[in-house]
Amino acid sequence: MRLTELLKTDQVTISCELFPPKQGAQLENYKKTVADMAALKPAYMSVTYGATGGTSDYTVELAKEVEKHQIPALAHLTCASSTKEKVASVIEELKANKIENILALRGDIPENADFPLPNQYRHASELIADIKAQGDFCIGGACYPEGHPEADTIFQDLDHLKEKVDAGCEFLTTQMFFDNHILYNFMYKALTKGIDVPVVAGIMPVTNKAQIKRIVSLSGNMVPPRFLAIVDRFGENPAAMRQAGIAYATDQIIDLIANGVNHVHIYTMNKPDIAGEILDNLSEIYVRG
Ligand code: FAD
């Protein structure tokens, strides 16, 4: 199923995220994670591609596994570390396996690399245009409510975001954010630039103290005082931190839905137990399946 069929309706959708294994030997364990996550009946499941030092080798394999559970898969595809030929071969593999949905990303530019080489894409918008030319895919892209770290201003970033939409990006998934007002402001600004495709709000349940430090150093996310107080108070107590992190993410999702943001993506990080607890908290708000 093309995800825009879901995302263009007012129906609430909650999706989950998986990352693939680093080694083929781990694939069977990861298939069990897919099954556990699928049992929660998310609207769709996305599978990352080489994110945060992980691999890109098993993204298609895991996306195929998701679809065996009759759940649409969204396969991520990045290009900054690949040649155009490599990207074209992954597109062919997705096509051969009837995976219709791709989240097209530039990826982070590898350190100390000459970028871009002549056979590389410079921006996600170029990748999006080529995916569109190479097959009948439903293509999504990333957006950054606080601005992408490389952009000088949010408005400059929004101009580039508009280029992605014009190139064929049919929906957007946001970087995580911890204060919903940041998303509401972003959506307003995006609309003024004519960006009117569905926006899926990315929510990260932060359930341990180390995670928040990593997130801030990687993405430069703003962490509101209300959340910092939780980390200060419960950071050294893993069970309490987990419970508070799940409650905080649940609260963010309820506020989003109450304010008409109907599509939420949970950065579940291969943790079906955490996704399950959040969905249980929303049992009367989000009707699964
Ligand atoms: P782009 O859209 O190309 O933007 C990158 C920067 O370039 C921005 O600052 C933008 O303003 C600027 N720019 C764009 N076009 C132009 C132009 N024409 N001229 C000048 N500047 C321009 N990473 C992974 O490795 N694997 C994943 O699976 C993955 N999944 C992600 C999922 C989501 C929802 C998000 C939000 C991020 C994900 N990332 C992933 C991280 C992402 O790859 C990085 O944030 C990367 O730095 C930017 O990718 P992009 O597709 O947003 O790039």
Side-chain angles (χ1 to χ4, degrees), residues 3 7 15-22 44-60 62-63 73-82 86-87 90 94 99 101-111 113 115-116 120-131 139-178 182-183 186 189-190 193 195 197-204 214-215 217-221 263-270:
L3 292 188
L7 301 176
S15 50
C16 295
E17 182 151 301
L18 295 159
F19 56 86
K22 289 199 174 116
Y44 62 90
M45 282 153 78
S46 75
V47 185
T48 64
Y49 188 94
T52 54
T55 181
S56 54
D57 290 347
Y58 303 102
T59 298
V60 180
L62 223 54
L74 171 61
H76 295 204
L77 175 57
T78 69
C79 56
S81 302
S82 302
K86 166 70 183 166
V87 170
V90 179
L94 289 164
I99 308 289
N101 304 294
I102 303 180
L103 194 74
L105 303 139
R106 186 198 66 187
D108 288 329
I109 298 170
E111 272 176 40
F115 179 85
Q120 284 187 313
Y121 296 103
R122 272 175 310 163
H123 307 294
S125 53
E126 295 175 350
L127 172 66
I128 289 166
D130 255 19
I131 295 174
I139 309 167
C143 65
Y144 302 83
E146 296 177 56
H148 184 269
E150 289 167 33
D152 289 338
T153 68
I154 183 88
F155 294 102
Q156 184 197 72
D157 204 28
L158 283 166
D159 286 337
H160 298 313
L161 188 58
K162 178 76 166 76
E163 287 166 14
K164 286 207 272 204
V165 172
D166 291 344
C169 173
E170 296 175 69
F171 67 94
L172 296 164
T173 306
T174 77
Q175 178 63 285
M176 67 194 79
F177 54 90
F178 298 100
I182 292 173
L183 180 82
F186 167 80
K189 291 190 190 107
K193 293 274 184 187
I195 298 166
V197 295
V199 175
V200 182
I203 294 295
M204 169 71 94
R214 206 167 46 242
I215 289 165
S217 71
L218 281 176
S219 64
N221 274 112
H263 307 298
V264 176
H265 184 68
I266 311 179
Y267 289 109
T268 39
M269 313 297 283
N270 291 20

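Read the numbers this way: they start at 1 and go in the same order the structure lists the ligands and their atoms. Everything numeric in this text was worked out from a predicted model, so none of it was measured.
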Ligand 1 N/O within reach of [X] N/O, cut-off under 3.5 Å:
{"X": "Thr48", "answer": "no"}
{"X": "Glu150", "answer": "no"}
{"X": "Asp157", "answer": "yes"}
{"X": "Gln156", "answer": "no"}
{"X": "Thr174", "answer": "no"}
{"X": "Ala124", "answer": "yes"}
{"X": "Leu103", "answer": "no"}
{"X": "Thr78", "answer": "no"}

Is there a donor-acceptor pair under 3.5 Å between the side chain of [X] and the backbone N or O of [Y]?
{"X": "Lys164", "Y": "Glu126", "answer": "no"}
{"X": "Gln175", "Y": "Pro145", "answer": "no"}
{"X": "Asn221", "Y": "Met176", "answer": "yes"}
{"X": "Thr59", "Y": "Thr48", "answer": "yes"}
{"X": "His148", "Y": "Glu150", "answer": "yes"}

Hey, does [X] sit under 4.0 Å from ligand 1 if you only count heavy atoms?
{"X": "Gly50", "value": "yes"}
{"X": "Ser125", "value": "no"}
{"X": "Phe19", "value": "no"}
{"X": "Tyr121", "value": "no"}

If you measure only the distance, is there a donor-acceptor pair under 3.5 Å linking the side chains of [X] and [Y]?
{"X": "Tyr144", "Y": "Asp157", "answer": "no"}
{"X": "Thr268", "Y": "Glu17", "answer": "no"}
{"X": "His265", "Y": "Thr173", "answer": "no"}

TODO: For ligand 1, indicate whether the residue His76 contacts it via side chain, backbone, both or neither (heavy-atom separation under 4.0 Å).
DONE: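 For His76, the contact with ligand 1 is made by the side chain alone.
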Task: Part of Leu161 with heavy atoms under 4.0 Å of ligand 1, whether side chain, backbone, both or neither - done: neither
State the atoms of ligand 1, each with its element, that fall below the 4.0 Å cut-off from a heavy-atom position in [X].
{"X": "Ala142", "result": "35 (C), 36 (C), 52 (O)"}
{"X": "Tyr267", "result": "33 (C), 34 (C)"}
{"X": "Glu163", "result": "17 (C), 18 (N)"}
{"X": "Thr173", "result": "34 (C)"}

- [ ] Given side chain to side chain contact (heavy atoms under 4.5 Å, CB included), test Val47 with Leu74 step by step and report yes or no.
- [x] CA-CA 6 Å; Val47 185; Leu74 171 61; over 6 Å; no
- [ ] Test Leu77 against Leu103 for side chain to side chain contact (heavy atoms under 4.5 Å, CB included), laying out the working first.
- [x] CA-CA 6 Å; Leu77 175 57; Leu103 194 74; over 6 Å; no
Task: Identity of the nearest option to atom 9 (O) of ligand 1, non-hydrogen atoms only, from Gln175, His265, His148 - done: His148
TODO: May I ask which of Arg106, Lys162, His160 has a heavy atom nearer to atom 17 (C) of ligand 1 than the others do?
DONE: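 It is His160 whose heavy atom sits nearest to atom 17 (C) of ligand 1.
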- [ ] Just do the side chain to side chain contact (heavy atoms under 4.5 Å, CB included) check on Thr78 and Arg106 with the steps written out, would you?
- [x] CA-CA 5 Å; Thr78 69; Arg106 186 198 66 187; over 6 Å; no
Task: Any Phe19 side-chain heavy atom under 4.5 Å of Asn270 side chain - done: yes
